[in-house]
Amino acid sequence: YMDAKKYHVPPVIAHLRTLYKEKFTAEQFDVVIVSDDDAFNFALNYRAELFPGVAIVFCGVNNLSAEDLQQGNLTGVVENFDLAGTIDVALRLHPDKKRMIVVGDDSTAGNAIKQQIEELVPAYRDRLDVNYWVQLDLAEVQRRVENLPKDSFLFFIPYYQVIGNRFYTAEEVMESIYRHSTVPLYTAWEFLLGHGAVGGSLLSGFEHGQRAAAAAVRILQGEKADLIPVGLEAQGVYMFDHQVMQRLQIAEQQLPD
């Protein structure tokens, strides 16, 4: 476990490389599963010395390039979330909204997600003004959300904070913002439901993990990683928080199927 959300700094990554090299000297792996962008980048950068010739299966990767795939002997599931589905339902439930505020951090995954959002935003240029709040401290976000115009809503990407000596998870950060917000919060990740979001078309990290595990089993059974198609399709299931709906006076009849 790399714990890269807390400690993604070059000296730590260098020590992990040394640690894993020492630990795995006598190991021969059949397959390596990596979760999230930092683990994916680490594995691709150091696979030749840590696990040469071993297949890599990934999930939770937001920004897969053609160059990454050219390395070969890898497969997995791209974290391609259904942003359009979430924006569409937000505009359907709140037809008066004209401004979307994207709240996130500048982590490896955060920057990759922001790039995915920027690629879709032009399709909504006639309906939405989009602004980004990136790597603001929590107190500043709380201050800003209390003064947002009523024609706004928030789109929350997994966002972590270190305040004092304490690390705050994305769930804790969202709950804190929700308590100060006068406008709706939306997201595209299932694990954030129940922490202040209305909901949206939500991607399941658990389901992506299952798909990665299934690919790993196929490799253990003799299939070549490169012959297992990479999952690229956008994924999402509409899910909503009933308590937040009640607070915002959203009726169940307004929801999509």
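Just so you know, these numbers use all the heavy atoms, side chains as well, and skip hydrogens, waters and symmetry mates. Just so you know, residue 1 is the first one in the sequence shown, and it goes up from there.
- Although no hydrogens or angles enter the test, the distance criterion places a donor-acceptor pair under 3.5 Å between the side chain of H180 and the main chain of S176.
- A salt bridge links E172 to R166: one of the charged nitrogens lies within less than 4.0 Å of a carboxylate oxygen.
- Under the 6.0 Å distance and 45° angle rule, R47 does not count as a cation-pi partner of F42.
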Requested in this report: Begin from the C-alpha positions of N80 and Q235 and carry the test side chain to side chain donor-acceptor pair (under 3.5 Å) through to its verdict.
Outcome: CA-CA 6 Å; N80 192 5; Q235 298 227 331; over 6 Å; no
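- Put simply, the residue from I87, L192, V89, L154 that forms a side-chain contact (heavy atoms from CB on, under 4.5 Å) with Y186 is V89.
- Following chains of ILVMFWY side-chain contacts shorter than 4.5 Å, one can reach F40 starting from L232, so the two form part of one hydrophobic cluster.
- Between I219 and A225, the closest heavy-atom pair is CD1-CB, 3.8 Å.
- With hydrogens and angles ignored, the 3.5 Å screen pairs no side-chain donor or acceptor of S35 with any backbone N or O of G60.
- Between R247 and S181, the shortest heavy-atom distance links the atoms NH2-O, 3.3 Å.
- Contact check for R179 versus Q142: no side-chain heavy atoms found under the 4.5 Å cut-off.
- In this structure, Q246 places its CD atom where more than 12 heavy-atom neighbours from other residues, nucleotides or ligands lie under 6.0 Å away.
- Under a hydrophobic-cluster definition in which Ile, Leu, Val, Met, Phe, Trp and Tyr are linked whenever side-chain heavy atoms come within less than 4.5 Å, directly or via other members, Y20 and I33 are assigned to different clusters.
- The closest side-chain donor-acceptor pair between Q161 and D137, if any, does not fall under 3.5 angstrom.
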Query raised in the report: What do the steps show when you test E171 against H195 for side chain to side chain donor-acceptor pair (under 3.5 Å), and what is the final call?
Result: CA-CA 6 Å; E171 296 95 316; H195 301 280; 4.9 Å; no
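- Between Y159 and V134, the closest side-chain pair of non-hydrogen atoms is not below 4.5 Å.
- Note: F155 and W189 have tilted aromatic rings, judged against thresholds of 30 and 60 degrees for the angle between ring planes.
- Of the charged side-chain nitrogens involved, at least one lies within less than 4.0 Å of a carboxylate oxygen, so that E140 and R144 count as a salt-bridged pair.
- Between T182 and E146, the side chains place no donor N or O within less than 3.5 Å of an acceptor N or O (distance only, hydrogens not considered).
- Cation-pi geometry between K97 and F153 is not met: the NZ or CZ atom fails to fall both under 6.0 Å from the ring centre and inside 45° of the normal.
- L248 and M239 fall into different hydrophobic clusters, where Ile, Leu, Val, Met, Phe, Trp and Tyr residues are linked whenever their side-chain heavy atoms come under 4.5 Å apart, directly or through other members.
- Inter-residue side-chain proximity for V102 and N131 is flagged as unmet; no heavy-atom pair is nearer than 4.5 Å.
- Panel note: side chain E22, backbone L19; no donor-acceptor pair is recorded below 3.5 Å.
- In this structure, the side chains of Y132 and I101 stay at 4.5 Å or more apart for every pair of heavy atoms.
- A perpendicular orientation is assigned to the rings of F24 and F29, their planes being inclined by more than 60° (bins at 30° and 60°).
- Side-chain contact between T187 and L185 is absent, with no heavy-atom pair separated by less than 4.5 Å.
- V57 is listed as a side-chain neighbour of V31, based on a closest heavy-atom distance under 4.5 Å.
- Taking the side chain as every heavy atom from C-beta outward, Y124 and D88 approach each other to under 4.5 Å.
- With respect to D151 and K98, no salt bridge is recorded, no charged nitrogen being found less than 4.0 Å from a carboxylate O.
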Query raised in the report: L91 and R127: side-chain contact (heavy atoms from CB on, under 4.5 Å), yes or no, with the steps?
Result: CA-CA 9 Å; L91 294 176; R127 301 185 63 188; 3.5 Å; yes
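- Ion pairing between a basic and an acidic side chain is recognised when a charged N comes within 4.0 Å of a carboxylate O; E233 and R211 show such pairing.
- Between I250 and F240 the shortest side-chain heavy-atom distance does not fall below 4.5 Å.
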Query - Steps toward salt bridge (Lys or Arg N to Asp or Glu O under 4.0 Å) verdict (K114, D106) - result: CA-CA 9 Å; K114 181 174 181 285; D106 66 353; over 6 Å; no
